[in-house]
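The structure appears below as C-alpha coordinates.
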2 protein chains.
Amino acid sequence: MSGSDQLSAVFSALADPTRRAILAELADRDATVTELTAPLPISMPAVSRHLKALERAGLISRTRSGKLRMSRIEAAPLREAADWIERYRRFWDTSLTRLDAHLAAVQAAGRPTDRTTHGPAIPDRESPTKAHDKEN
Amino acid sequence: MSGSDQLSAVFSALADPTRRAILAELADRDATVTELTAPLPISMPAVSRHLKALERAGLISRTRSGKLRMSRIEAAPLREAADWIERYRRFWDTSLTRLDAHLAAVQAAGRPTDRTTHGPAIPDRESPTKAHDKEN
DNA sequence: ACTACATTTAACGTGTTGGTTAAGTGATTG
DNA sequence: CAATCACTTAACCAACACGTTAAATGTAGT
(Lines give C-alpha, C1' and ligand atoms only; values in the text may rest on other atoms or scores of the structure.)
Protein backbone atom coordinates (compact mmCIF):
# COMPACT_ATOMS: atom_id res chain seq x y z
CA MET A 1 0.00 0.00 0.00
CA SER A 2 2.81 2.44 -0.78
CA GLY A 3 1.11 5.54 0.68
CA SER A 4 -0.15 5.76 4.22
CA ASP A 5 -2.73 8.54 3.86
CA GLN A 6 -6.45 7.96 3.53
CA LEU A 7 -6.66 8.37 -0.24
CA SER A 8 -3.74 6.05 -0.82
CA ALA A 9 -5.31 3.43 1.41
CA VAL A 10 -8.60 3.69 -0.47
CA PHE A 11 -7.12 3.45 -3.97
CA SER A 12 -4.83 0.70 -2.77
CA ALA A 13 -7.83 -1.21 -1.44
CA LEU A 14 -9.69 -0.75 -4.72
CA ALA A 15 -6.67 -1.96 -6.68
CA ASP A 16 -7.34 -5.57 -5.75
CA PRO A 17 -10.05 -7.40 -7.73
CA THR A 18 -10.90 -9.65 -4.80
CA ARG A 19 -11.57 -6.62 -2.64
CA ARG A 20 -13.67 -5.04 -5.37
CA ALA A 21 -15.65 -8.27 -5.56
CA ILE A 22 -16.15 -8.14 -1.80
CA LEU A 23 -17.37 -4.55 -2.02
CA ALA A 24 -19.79 -5.55 -4.80
CA GLU A 25 -21.10 -8.28 -2.55
CA LEU A 26 -21.50 -5.88 0.36
CA ALA A 27 -23.30 -3.42 -1.88
CA ASP A 28 -26.12 -5.98 -1.98
CA ARG A 29 -26.20 -6.88 1.67
CA ASP A 30 -24.11 -7.05 4.81
CA ALA A 31 -22.33 -10.38 5.06
CA THR A 32 -20.22 -12.58 7.32
CA VAL A 33 -16.68 -13.65 6.54
CA THR A 34 -17.87 -17.16 5.73
CA GLU A 35 -20.48 -15.85 3.30
CA LEU A 36 -17.93 -13.62 1.63
CA THR A 37 -15.43 -16.46 1.35
CA ALA A 38 -17.86 -18.91 -0.26
CA PRO A 39 -17.80 -17.58 -3.85
CA LEU A 40 -14.10 -16.71 -3.75
CA PRO A 41 -11.23 -18.97 -4.81
CA ILE A 42 -9.18 -18.21 -1.70
CA SER A 43 -9.07 -19.33 1.92
CA MET A 44 -10.92 -17.67 4.77
CA PRO A 45 -7.76 -16.23 6.38
CA ALA A 46 -7.03 -14.54 3.06
CA VAL A 47 -10.52 -13.03 2.98
CA SER A 48 -10.13 -11.99 6.60
CA ARG A 49 -7.07 -9.99 5.69
CA HIS A 50 -8.75 -8.42 2.68
CA LEU A 51 -11.48 -7.27 5.04
CA LYS A 52 -8.83 -5.83 7.31
CA ALA A 53 -7.45 -3.84 4.38
CA LEU A 54 -10.92 -2.59 3.47
CA GLU A 55 -11.52 -1.64 7.08
CA ARG A 56 -8.19 0.17 7.29
CA ALA A 57 -9.26 2.17 4.24
CA GLY A 58 -12.56 2.95 5.97
CA LEU A 59 -14.49 1.25 3.17
CA ILE A 60 -16.24 -1.17 5.49
CA SER A 61 -17.20 -1.32 9.15
CA ARG A 62 -17.66 -4.48 11.14
CA THR A 63 -19.82 -5.47 14.06
CA ARG A 64 -19.78 -8.66 16.07
CA SER A 65 -23.19 -10.20 16.67
CA GLY A 66 -22.74 -13.43 18.54
CA LYS A 67 -20.08 -15.50 16.91
CA LEU A 68 -20.74 -13.87 13.57
CA ARG A 69 -18.94 -10.80 12.28
CA MET A 70 -20.93 -8.69 9.88
CA SER A 71 -19.22 -6.45 7.37
CA ARG A 72 -20.97 -3.36 6.08
CA ILE A 73 -19.95 -1.08 3.26
CA GLU A 74 -19.09 2.49 4.27
CA ALA A 75 -19.67 5.46 2.06
CA ALA A 76 -17.37 8.29 3.01
CA PRO A 77 -14.01 7.17 1.55
CA LEU A 78 -15.67 6.24 -1.73
CA ARG A 79 -16.90 9.77 -2.02
CA GLU A 80 -13.43 11.14 -1.34
CA ALA A 81 -11.99 8.92 -4.03
CA ALA A 82 -14.76 9.96 -6.43
CA ASP A 83 -14.14 13.61 -5.60
CA TRP A 84 -10.44 13.24 -6.26
CA ILE A 85 -10.97 11.68 -9.66
CA GLU A 86 -13.69 14.19 -10.38
CA ARG A 87 -11.11 16.96 -10.48
CA TYR A 88 -9.85 15.42 -13.70
CA ARG A 89 -13.25 15.18 -15.32
CA ARG A 90 -12.38 17.89 -17.83
CA PHE A 91 -9.90 15.45 -19.37
CA TRP A 92 -12.56 13.06 -20.53
CA ASP A 93 -15.89 14.84 -20.40
CA THR A 94 -16.62 16.53 -23.71
CA SER A 95 -19.67 18.32 -22.36
CA LEU A 96 -17.68 21.01 -20.61
CA THR A 97 -18.74 24.58 -20.06
CA ARG A 98 -17.06 27.01 -22.42
CA LEU A 99 -15.13 28.52 -19.54
CA ASP A 100 -13.74 25.19 -18.39
CA ALA A 101 -12.65 24.34 -21.91
CA HIS A 102 -10.95 27.70 -22.21
CA LEU A 103 -9.15 27.26 -18.91
CA ALA A 104 -7.99 23.81 -19.93
CA ALA A 105 -6.65 25.20 -23.19
CA VAL A 106 -4.83 28.03 -21.43
CA GLN A 107 -3.26 25.65 -18.96
CA ALA A 108 -2.12 23.26 -21.68
CA ALA A 109 -0.51 26.15 -23.58
CA GLY A 110 1.56 27.48 -20.67
CA ARG A 111 5.32 27.54 -21.06
CA PRO A 112 6.75 24.54 -19.13
CA THR A 113 9.59 26.47 -17.51
CA ASP A 114 7.54 29.43 -16.35
CA ARG A 115 4.99 28.53 -13.73
CA THR A 116 4.27 32.08 -12.66
CA THR A 117 2.18 32.78 -15.73
CA HIS A 118 -0.32 30.09 -14.80
CA GLY A 119 -3.49 30.65 -12.87
CA PRO A 120 -4.20 28.38 -9.89
CA ALA A 121 -4.23 24.72 -10.83
CA ILE A 122 -7.53 22.93 -10.60
CA PRO A 123 -6.26 19.66 -9.08
CA ASP A 124 -4.59 20.37 -5.77
CA ARG A 125 -1.00 19.34 -5.57
CA GLU A 126 -0.24 16.84 -2.87
CA SER A 127 3.01 16.79 -0.99
CA PRO A 128 4.64 13.44 -1.70
CA THR A 129 7.53 14.47 0.53
CA LYS A 130 5.31 14.25 3.55
CA ALA A 131 3.13 11.51 2.17
CA HIS A 132 6.15 9.26 1.96
CA ASP A 133 6.85 9.49 5.67
CA LYS A 134 6.06 6.29 7.46
CA GLU A 135 3.47 6.67 10.15
CA ASN A 136 2.80 3.10 11.20
CA MET B 1 -0.18 -4.29 -8.23
CA SER B 2 -2.00 -7.45 -7.22
CA GLY B 3 -4.52 -7.37 -10.11
CA SER B 4 -3.46 -7.38 -13.73
CA ASP B 5 -6.61 -5.98 -15.34
CA GLN B 6 -7.02 -2.39 -16.44
CA LEU B 7 -9.02 -1.22 -13.46
CA SER B 8 -6.55 -2.74 -11.01
CA ALA B 9 -3.65 -1.09 -12.80
CA VAL B 10 -5.40 2.28 -12.65
CA PHE B 11 -6.34 2.13 -8.98
CA SER B 12 -2.91 0.77 -8.20
CA ALA B 13 -1.33 3.71 -10.01
CA LEU B 14 -3.53 6.16 -8.14
CA ALA B 15 -2.63 4.55 -4.81
CA ASP B 16 0.79 6.20 -4.78
CA PRO B 17 0.95 9.85 -3.65
CA THR B 18 3.97 10.54 -5.83
CA ARG B 19 2.07 9.36 -8.88
CA ARG B 20 -0.95 11.43 -7.92
CA ALA B 21 1.35 14.43 -7.59
CA ILE B 22 2.71 13.71 -11.05
CA LEU B 23 -0.80 13.53 -12.48
CA ALA B 24 -1.65 16.83 -10.79
CA GLU B 25 1.40 18.34 -12.44
CA LEU B 26 0.44 16.94 -15.82
CA ALA B 27 -3.07 18.27 -15.40
CA ASP B 28 -1.52 21.74 -15.70
CA ARG B 29 0.77 21.06 -18.59
CA ASP B 30 2.72 18.35 -20.37
CA ALA B 31 6.16 17.94 -18.84
CA THR B 32 9.53 16.24 -19.20
CA VAL B 33 10.96 13.76 -16.73
CA THR B 34 13.40 16.36 -15.47
CA GLU B 35 10.62 18.88 -14.88
CA LEU B 36 8.56 16.29 -13.06
CA THR B 37 11.49 15.23 -10.91
CA ALA B 38 12.42 18.76 -9.80
CA PRO B 39 9.75 19.26 -7.10
CA LEU B 40 9.88 15.65 -5.92
CA PRO B 41 12.07 14.28 -3.11
CA ILE B 42 13.21 11.27 -5.16
CA SER B 43 15.72 10.53 -7.88
CA MET B 44 15.04 10.70 -11.60
CA PRO B 45 15.16 6.93 -12.10
CA ALA B 46 12.46 6.62 -9.47
CA VAL B 47 10.30 9.15 -11.31
CA SER B 48 11.00 7.35 -14.56
CA ARG B 49 9.55 4.18 -13.11
CA HIS B 50 6.53 5.97 -11.72
CA LEU B 51 5.91 7.25 -15.22
CA LYS B 52 6.20 3.71 -16.50
CA ALA B 53 3.54 2.62 -14.01
CA LEU B 54 1.28 5.48 -15.07
CA GLU B 55 1.84 4.59 -18.71
CA ARG B 56 1.09 0.93 -18.03
CA ALA B 57 -2.21 2.02 -16.48
CA GLY B 58 -2.91 4.12 -19.57
CA LEU B 59 -3.04 7.29 -17.48
CA ILE B 60 -0.33 9.03 -19.46
CA SER B 61 1.15 8.83 -22.94
CA ARG B 62 4.65 9.82 -23.87
CA THR B 63 6.28 11.23 -26.96
CA ARG B 64 9.92 11.84 -27.70
CA SER B 65 10.74 15.22 -29.16
CA GLY B 66 14.47 15.54 -29.61
CA LYS B 67 16.18 14.43 -26.45
CA LEU B 68 13.17 15.40 -24.38
CA ARG B 69 10.40 13.02 -23.43
CA MET B 70 7.05 14.66 -22.87
CA SER B 71 4.42 13.05 -20.72
CA ARG B 72 0.76 13.84 -21.28
CA ILE B 73 -2.20 12.93 -19.14
CA GLU B 74 -4.69 10.54 -20.74
CA ALA B 75 -8.37 10.63 -19.98
CA ALA B 76 -9.94 7.26 -20.70
CA PRO B 77 -8.82 5.17 -17.72
CA LEU B 78 -9.77 7.93 -15.32
CA ARG B 79 -13.27 7.78 -16.67
CA GLU B 80 -13.40 4.04 -16.21
CA ALA B 81 -12.27 4.42 -12.61
CA ALA B 82 -14.82 7.17 -12.05
CA ASP B 83 -17.53 5.03 -13.61
CA TRP B 84 -16.67 2.11 -11.37
CA ILE B 85 -16.85 4.19 -8.21
CA GLU B 86 -19.96 5.88 -9.50
CA ARG B 87 -21.87 2.63 -9.16
CA TYR B 88 -21.59 3.08 -5.40
CA ARG B 89 -22.83 6.62 -5.38
CA ARG B 90 -26.06 5.64 -3.66
CA PHE B 91 -24.00 4.83 -0.56
CA TRP B 92 -22.97 8.39 0.01
CA ASP B 93 -25.20 10.64 -2.05
CA THR B 94 -28.25 11.68 -0.09
CA SER B 95 -29.84 13.36 -3.08
CA LEU B 96 -31.04 10.13 -4.61
CA THR B 97 -34.18 9.64 -6.59
CA ARG B 98 -36.94 8.04 -4.58
CA LEU B 99 -36.66 4.89 -6.69
CA ASP B 100 -32.95 4.52 -6.08
CA ALA B 101 -33.41 4.98 -2.35
CA HIS B 102 -36.13 2.34 -2.36
CA LEU B 103 -33.94 -0.10 -4.26
CA ALA B 104 -31.09 0.49 -1.85
CA ALA B 105 -33.38 -0.17 1.11
CA VAL B 106 -34.75 -3.34 -0.43
CA GLN B 107 -31.27 -4.64 -1.15
CA ALA B 108 -30.03 -3.90 2.34
CA ALA B 109 -33.00 -5.75 3.86
CA GLY B 110 -32.55 -8.97 1.90
CA ARG B 111 -31.93 -12.16 3.86
CA PRO B 112 -28.18 -12.97 3.62
CA THR B 113 -28.67 -16.68 2.87
CA ASP B 114 -31.32 -16.30 0.19
CA ARG B 115 -30.05 -14.54 -2.89
CA THR B 116 -32.98 -15.50 -5.11
CA THR B 117 -35.25 -12.94 -3.52
CA HIS B 118 -32.99 -10.10 -4.63
CA GLY B 119 -33.36 -8.11 -7.78
CA PRO B 120 -30.29 -7.59 -9.99
CA ALA B 121 -27.43 -5.96 -8.14
CA ILE B 122 -26.40 -2.53 -9.30
CA PRO B 123 -22.61 -2.96 -9.06
CA ASP B 124 -21.51 -5.74 -11.40
CA ARG B 125 -19.72 -8.56 -9.71
CA GLU B 126 -16.23 -9.16 -10.96
CA SER B 127 -14.69 -12.57 -11.17
CA PRO B 128 -11.65 -12.55 -8.91
CA THR B 129 -11.05 -16.17 -9.91
CA LYS B 130 -10.22 -15.06 -13.39
CA ALA B 131 -8.83 -11.70 -12.39
CA HIS B 132 -6.18 -13.44 -10.32
CA ASP B 133 -4.79 -15.22 -13.35
CA LYS B 134 -1.44 -13.85 -14.39
CA GLU B 135 -1.39 -12.51 -17.88
CA ASN B 136 2.03 -10.96 -18.11
C1' DA C 1 -16.65 -28.41 31.09
C1' DC C 2 -16.55 -30.23 26.38
C1' DT C 3 -17.43 -29.59 21.67
C1' DA C 4 -18.37 -27.16 17.61
C1' DC C 5 -18.34 -23.09 14.93
C1' DA C 6 -16.63 -18.55 13.18
C1' DT C 7 -12.98 -16.01 12.70
C1' DT C 8 -8.28 -14.23 13.59
C1' DT C 9 -3.34 -14.65 14.33
C1' DA C 10 1.07 -16.80 13.53
C1' DA C 11 4.59 -18.53 10.68
C1' DC C 12 6.13 -19.07 6.35
C1' DG C 13 7.24 -18.60 1.09
C1' DT C 14 7.21 -15.90 -2.87
C1' DG C 15 6.53 -12.06 -5.89
C1' DT C 16 6.19 -7.08 -6.25
C1' DT C 17 7.10 -2.24 -5.03
C1' DG C 18 9.73 1.73 -4.42
C1' DG C 19 13.89 3.55 -3.34
C1' DT C 20 18.99 3.79 -4.21
C1' DT C 21 23.54 4.28 -7.19
C1' DA C 22 26.05 3.10 -11.35
C1' DA C 23 26.17 2.05 -16.02
C1' DG C 24 24.02 2.27 -20.69
C1' DT C 25 21.51 4.57 -24.67
C1' DG C 26 20.43 8.01 -27.87
C1' DA C 27 20.05 12.85 -29.49
C1' DT C 28 22.21 17.62 -29.42
C1' DT C 29 26.05 20.61 -29.19
C1' DG C 30 30.69 22.22 -29.60
C1' DC D 1 33.76 12.82 -33.08
C1' DA D 2 33.85 13.84 -28.38
C1' DA D 3 31.40 15.72 -24.72
C1' DT D 4 27.06 16.65 -22.68
C1' DC D 5 22.30 16.24 -21.73
C1' DA D 6 18.04 13.59 -20.84
C1' DC D 7 16.71 9.90 -19.82
C1' DT D 8 16.34 4.47 -19.04
C1' DT D 9 18.02 0.05 -17.47
C1' DA D 10 20.53 -2.90 -14.32
C1' DA D 11 21.68 -4.52 -9.92
C1' DC D 12 20.66 -4.33 -5.45
C1' DC D 13 17.99 -3.95 -0.98
C1' DA D 14 14.27 -3.45 2.52
C1' DA D 15 9.54 -3.51 3.08
C1' DC D 16 5.19 -5.12 1.92
C1' DA D 17 1.36 -7.77 -0.38
C1' DC D 18 -0.95 -11.96 -0.87
C1' DG D 19 -1.39 -16.60 -0.62
C1' DT D 20 -0.95 -20.92 2.17
C1' DT D 21 -1.64 -24.22 6.51
C1' DA D 22 -1.70 -24.73 11.46
C1' DA D 23 -2.69 -22.94 15.87
C1' DA D 24 -5.17 -19.65 18.85
C1' DT D 25 -9.25 -17.05 20.16
C1' DG D 26 -13.87 -16.32 21.36
C1' DT D 27 -18.79 -17.40 21.44
C1' DA D 28 -22.78 -20.83 21.56
C1' DG D 29 -24.83 -25.02 22.39
C1' DT D 30 -25.21 -29.65 25.20
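Per chain, numbering begins at 1; letters A, B, ... match sequence-line order.
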- Query: Taking only side-chain nitrogens and oxygens of A/His50, does any of them come within less than 4.0 Å of OP1 or OP2 of D/dG19?
  - Reply: yes
- Item | Candidate nucleotides C/dT8, D/dC18, D/dT9, ranked by approach to the side chain of A/Asp16 - the nearest | D/dC18
- Query: Hey, what's the ring geometry for A/Phe11 with B/Phe11, parallel, tilted or perpendicular (30° and 60° as the breaks)?
  - Reply: parallel
- Message: So if I take every side-chain heavy atom of A/Arg49 and compare against D/dC18, D/dA6, C/dT20, which nucleotide ends up nearest?
- Response: D/dC18
- Message: Distance check needed: C/dT20 P versus B/Leu40 CG, whole Å only.
- Response: 11 Å
- Note on the structure: Of the listed C/dT8, D/dT8, D/dC18, the closest approach to the B/Val33 side chain comes from D/dT8
- Query: Has the side chain of A/Arg64 got a donor or acceptor that lies under 3.5 Å from a partner of the other kind on the base of D/dG26?
  - Reply: no
- Query: Roughly, in whole Å, what's the span from CG in B/Leu51 to C1' in D/dC7?
  - Reply: 11 Å
- Would you please confirm or rule out a distance under 4.0 Å between OP1 or OP2 of C/dA6 and any side-chain N or O of A/Thr34? no
- Query: Taking all non-hydrogen atoms of both residues, which atom of B/Gly58 and which atom of B/Glu74 are closest, and how far apart?
  - Reply: O-CB, 3.3 Å
- Message: Please determine whether a side-chain nitrogen or oxygen atom of A/Arg62 lies at a distance below 4.0 Å from atom OP1 or OP2 of C/dA6.
- Response: no
- Task: Report the residues that fulfil side chain to side chain donor-acceptor pair (under 3.5 Å) with B/Arg79, sequence neighbours left out, ordered by chain and then residue number.
- Result: none
- Task: Take the protein atom CD1 of B/Ile42 and the nucleotide atom P of D/dC7, then report the distance between them rounded to whole Å.
- Result: 14 Å
- Here the distance between atom P of D/dT30 and atom NZ of A/Lys67, to the nearest Å, is 10 Å
- Query: Side chain of A/Ser43: nearest nucleotide among D/dC7, D/dC18, D/dT20?
  - Reply: D/dT20
- Item | Nucleotide nearest B/Arg69 (side chain, heavy atoms from C-beta), chosen from C/dG18, D/dC18, D/dC7 | D/dC7
